[in-house]
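To start, the structure under review is shown below, and the notes come after it.
Side chains included, hydrogens not; waters and symmetry mates left out as well; all remaining heavy atoms used.
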Amino acid sequence: MASGFSLTGGRPRCYAFWQDVQKCFLTADEPRTQCAPFKADYFECLHHTKELARASIIAHQANVVRAQELAEQARLEKEGKSLAVGAVLSRGTPTEEATAA
């Protein structure tokens, strides 16, 4: 945090986190241990490591689910059945059987 100004002249996006770190380091008795959460928040704001890791996990899980759906669809097609992927199966309208009862 060299100057406290961003490229456009305003406040940098992580400046508030940096101020929390500075405030903690000035007032804490044991800055290394007491200020660790503030420092972690500041580094997350700068580098987005936790956010990128979470996005990677979500993308991987989505790929796994998609692969399972494709495998299921291939299995059903092999058996001569079909699987409606992404289709609306029902619009929620009552059927004749339901209204007759």
Side-chain angles (χ1 to χ4, degrees):
M1 188 62 49
S3 65
F5 294 101
S6 69
L7 250 80
T8 59
R11 295 179 106 180
R13 66 171 185 215
C14 300
Y15 189 68
F17 293 104
W18 173 249
Q19 286 181 320
D20 291 341
V21 171
Q22 272 188 320
K23 183 179 175 182
C24 182
F25 269 94
L26 291 174
T27 59
D29 295 328
E30 292 290 326
R32 280 198 160 168
T33 56
Q34 292 175 337
C35 299
F38 295 107
K39 190 176 175 185
D41 287 344
Y42 176 63
F43 280 125
E44 173 59 25
C45 180
L46 286 176
H47 305 293
H48 304 288
T49 52
K50 293 177 187 175
E51 179 184 357
L52 293 174
R54 176 80 174 132
S56 175
I57 290 170
I58 291 170
H60 175 71
Q61 290 173 345
N63 288 337
V64 167
V65 168
R66 181 67 180 142
Q68 289 172 347
E69 289 175 351
L70 289 174
E72 178 69 14
Q73 184 177 7
R75 185 185 64 79
L76 289 174
E77 286 176 359
K78 187 177 179 181
E79 293 175 0
K81 302 174 185 175
S82 65
L83 178 66
V85 177
V88 177
L89 299 178
S90 172
R91 293 181 292 193
T93 56
T95 62
E96 291 179 12
E97 296 172 4
T99 55

Of all the heavy-atom pairs spanning Leu52 and His47, show the shortest one and how long it is. CD1-O, 4.1 Å
Rounded at 0.5 Å granularity, tell me how far OG in Ser56 sits from CD in Gln61. 10.0 Å
Taking atom CZ of Arg32 as the centre, does the number of heavy atoms from other residues, nucleotides or ligands within less than 6.0 Å exceed 12? no
Rounded to the nearest 0.5 angstrom, the CD-CZ distance for Gln22 and Phe17 is 14.5 Å
Please examine the side chains of Leu76 and Glu79, heavy atoms only from C-beta on, and report whether any two atoms are closer than 4.5 Å. yes
Test item: Gln73 and Glu69 side chains (from C-beta on) under 4.5 Å apart, heavy atoms: no
Quick check: does any side chain N or O of Glu44 sit under 3.5 Å from a backbone N or O of Glu51, one acting as donor and the other as acceptor? yes
Would the number of heavy atoms belonging to other residues, nucleotides or ligands and lying under 6.0 Å from CZ of Arg54 be above 12? no
Once rounded to the nearest 0.5 Å, what's the spacing between atom OH of Tyr15 and atom OH of Tyr42? 10.5 Å
In Å, rounded to the nearest 0.5 Å, how long is the span from CG of Asp41 to NZ of Lys50? 6.5 Å
So which heavy atom on Gln34 is nearest to which on Ala28, and how close? OE1-CB, 2.9 Å
Nearest-0.5 Å distance, CZ of residue Phe38 to CZ of residue Phe43: 15.0 Å
